[in-house]
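Below: one structure, written as structure tokens.
One-based numbering, in listed order, for ligands and for the atoms of each. Computed from a predicted model, the values in this text were never measured in an experiment.
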Amino acid sequence: MKNKIDLITNEIQNFKIEDAVSLEKFRIHFLGSKGIVKELFNDLKSVPNEEKREVGQLLNSLRAVAEEKHIQAKTTIDTLNCDLNQIDLSRTADDLQIGSRHPLMLVRSEIIEIFSRIGYTVSEGPEIEDDWHNFSALNFAPEHPARDMQDTFFIEKGENEMALRTHTSSVQVRVMENSTPPIRTISPGRVYRNEAISARAHCFFHQVEGLYIDKNVSFADLKQTLLYFAKELFGEKAQIRMRPSYFPFTEPSAEVDVSCSICNSKGCNVCKYTGWLEILGCGMVDPAVLEASGIDSKVYSGFAFGMGIERITQLKYKVNDLRLYSENDVRFLKQFTSGI
Ligand code: PHE
């Protein structure tokens with residue numbers, strides 16, 4: 001048996017593979033399902049027990065020699081045979097670059113994750129909205145300045161007024177119209193405002209707005225929810241404070257600041273030496289808004305909040321120019337590769 005293995009090893013080494021035909025012949029002859037190597041493994045049964053181990057090892061290396069020769073010959077023949085017309089000769093030899101997730105999408109996913117842990121669903125809606133969902137159902141008076149041409153990109157004026165949504169509160173109106181409480185949902189999405197583009201303002205940006213409606217929802221629930229959110233996002237030490245504010249669709253309304261995680265509230269140029277950073281607007285949903293969407297305000301109450309994803313990303317990653325988010329500069333985007 002050992003002699004036979006020697007002979008076959010020689011035979012393998014001397015076999016001339018010159019083209020695809022002889023390559024296939026080689027494969028069938030030595031490595032095929034009825035090939036010599038297989039046959040030898042079958043013969044192993046008749047080898048006396050005390051020799052089995054040694055012969056078995058010899059057979060394994062024989063098979064390895066044959067396989068190695070086959071792979072090498074195949075690679076050479078494939079390269080010679082390849083059709084030059086099918087290769088892009090103008091392509092650089094550089095490795096392909098692997099992309100990274102956009103920082104805004106990283107933060108968006110993180111926000112969604114935080115709220116989904118306390119039972120919030122995700123709802124989406126159209127970017128082109130009618131007046132009802134973007135303004136009227138949300139209690140904006142007909143002459144409210146936010147409806148002005150200065151702020152809103154109108155697509156159609158007049159009776160069938162259509163505009164690019166200025167906030168994702170419009171999605172929440174749609175959710176209220178189409179479901180019965182309890183409602184617990186967040187709506188992430190792109191919104192548009194007619195602003196001159198600068199480091200601090202852009203004509204489009206991204207929001208996540210939240211809505212919770214049930215029986216007996218109170219301002220304390222709102223505060224606790226936002227404190228939970230701030231701690232999940234900025235760390236256990238994060239604190240929040242609320243300042244009275246005004247929105248047409250909430251009463252009372254507040255703006256929420258989070259303690260500055262950059263300087264640990266000691267004061268720095270990002271928090272303008274106040275120790276606090278403004279991150280969102282919120283309030284108890286105005287009963288008129290509930291009624292406009294067909295929800296009985298005597299039975300239900302709720303809260304809403306809304307934040308800009310760019311703003312949160314700016315604080316988390318210390319990005320100080322809004323324009324960077326939409327310029328597609330690889331040097332900027334590459335820095336987020338490891339954040340996936
Ligand atoms: N819709 C508001 C905005 O776009 C944010 C907000 C949402 C405020 C919900 C309060 C409650 O600025």
Side-chain angles (χ1 to χ4, degrees), residues 104 108 111-112 115 120 122-127 129 131-141 144-148 150-153 163-176 183-195 200-214 217-227 229-230 240-258 277-290 292-293 295 297 300-312 314 322:
L104 293 177
R108 177 189 192 268
I111 297 172
I112 291 177
F115 281 105
Y120 281 74
V122 174
S123 43
E124 289 185 341
E127 292 188 10
E129 264 300 1
D131 171 90
W132 172 255
H133 290 96
N134 198 74
F135 294 125
S136 297
L138 289 159
N139 221 16
F140 280 85
H144 194 283
R147 294 172 176 241
D148 203 283
Q150 301 282 305
D151 271 311
T152 310
F153 285 115
L164 296 180
R165 66 181 177 196
T166 58
H167 50 187
T168 58
S169 302
S170 53
V171 180
Q172 314 202 320
V173 174
R174 289 178 180 276
V175 173
M176 288 191 282
I183 295 169
R184 215 188 273 133
T185 190
I186 51 172
S187 9
R190 181 176 285 187
V191 301
Y192 301 83
R193 291 188 198 171
N194 194 353
E195 305 236 18
R200 315 196 64 206
H202 212 294
C203 58
F204 65 80
F205 60 99
H206 301 78
Q207 283 189 326
V208 177
E209 296 214 353
L211 177 73
Y212 177 32
I213 297 175
D214 203 347
V217 177
S218 72
F219 202 90
D221 297 320
L222 169 61
K223 192 171 175 193
Q224 203 54 36
T225 303
L226 296 178
L227 180 61
F229 169 67
I240 58 166
R241 73 172 184 186
M242 293 176 132
R243 286 176 288 107
S245 185
Y246 173 78
F247 299 102
F249 34 89
T250 48
E251 180 60 34
S253 306
E255 257 157 306
V256 176
D257 299 340
V258 64
L277 300 159
E278 187 192 321
I279 55 162
L280 56 85
C282 66
M284 301 307 291
V285 182
D286 193 305
V289 172
L290 294 176
S293 300
I295 293 175
S297 64
Y300 295 106
S301 56
F303 63 69
F305 55 86
M307 68 191 95
I309 303 182
E310 277 80 352
R311 170 78 177 151
I312 309 269
Q314 175 194 13
L322 271 179

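Atom CD of Glu127 is separated from atom OG of Ser170 by 9.5 Å, given to the nearest 0.5 angstrom.
Using bins of under 30°, 30° to 60° and over 60° for the plane-to-plane angle, the ring pair His167/Phe140 lands in the perpendicular bin.
Near Phe305, the atoms of ligand 1 lying under 4.0 angstrom from a non-hydrogen atom of the residue are 7 (C), 9 (C), 11 (C). Applying the 4.0 Å criterion to heavy atoms of Ala304 picks out, from ligand 1, the atoms 9 (C), 11 (C). Residue contact check: Ser169 has heavy atoms under 4.0 Å from atoms 1 (N) of ligand 1. Applying the 4.0 Å criterion to heavy atoms of Phe247 picks out, from ligand 1, the atoms 8 (C), 10 (C).
Residue-level proximity to ligand 1 for Cys282 is carried by the backbone, the only part with a heavy atom below 4.0 angstrom.
Looking at heavy atoms from C-beta onward, Leu226 lies in side-chain contact with Met242 at the 4.5 angstrom threshold.
Checking Asp151, Asn134, Asn194 one by one against Thr166, the side-chain hydrogen bond (donor to acceptor under 3.5 Å, both in side chains) holds for a single residue, Asn134. Checking Ile186, Val175, Ile183 one by one against Ser123, the side-chain contact (heavy atoms from CB on, under 4.5 Å) holds for a single residue, Val175.
The shortest N or O to N or O distance between Gln207 and ligand 1 is below 3.5 Å. Taking distance alone, with nitrogen or oxygen atoms compared against 3.5 Å, His167 approaches ligand 1 more closely than that limit.
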ask   = When you look at His202 and Glu195, which way does the side chain to side chain donor-acceptor pair (under 3.5 Å) test go after all the steps?
value = CA-CA 6 Å; His202 212 294; Glu195 305 236 18; over 6 Å; no

message = Is there a side-chain contact (heavy atoms from CB on, under 4.5 Å) between Arg165 and Val171? Walk through the geometry before answering.
response = CA-CA 10 Å; Arg165 66 181 177 196; Val171 180; 3.6 Å; yes

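In this structure, Phe249 has a heavy atom closer than 4.0 Å to ligand 1.
Here the heavy atom of the protein found nearest to atom 12 (O) of ligand 1 is Arg193 NH2, 3.8 Å. Regarding atom 1 (N) of ligand 1, its nearest protein heavy-atom neighbour is Glu209 OE2, 2.8 Å.
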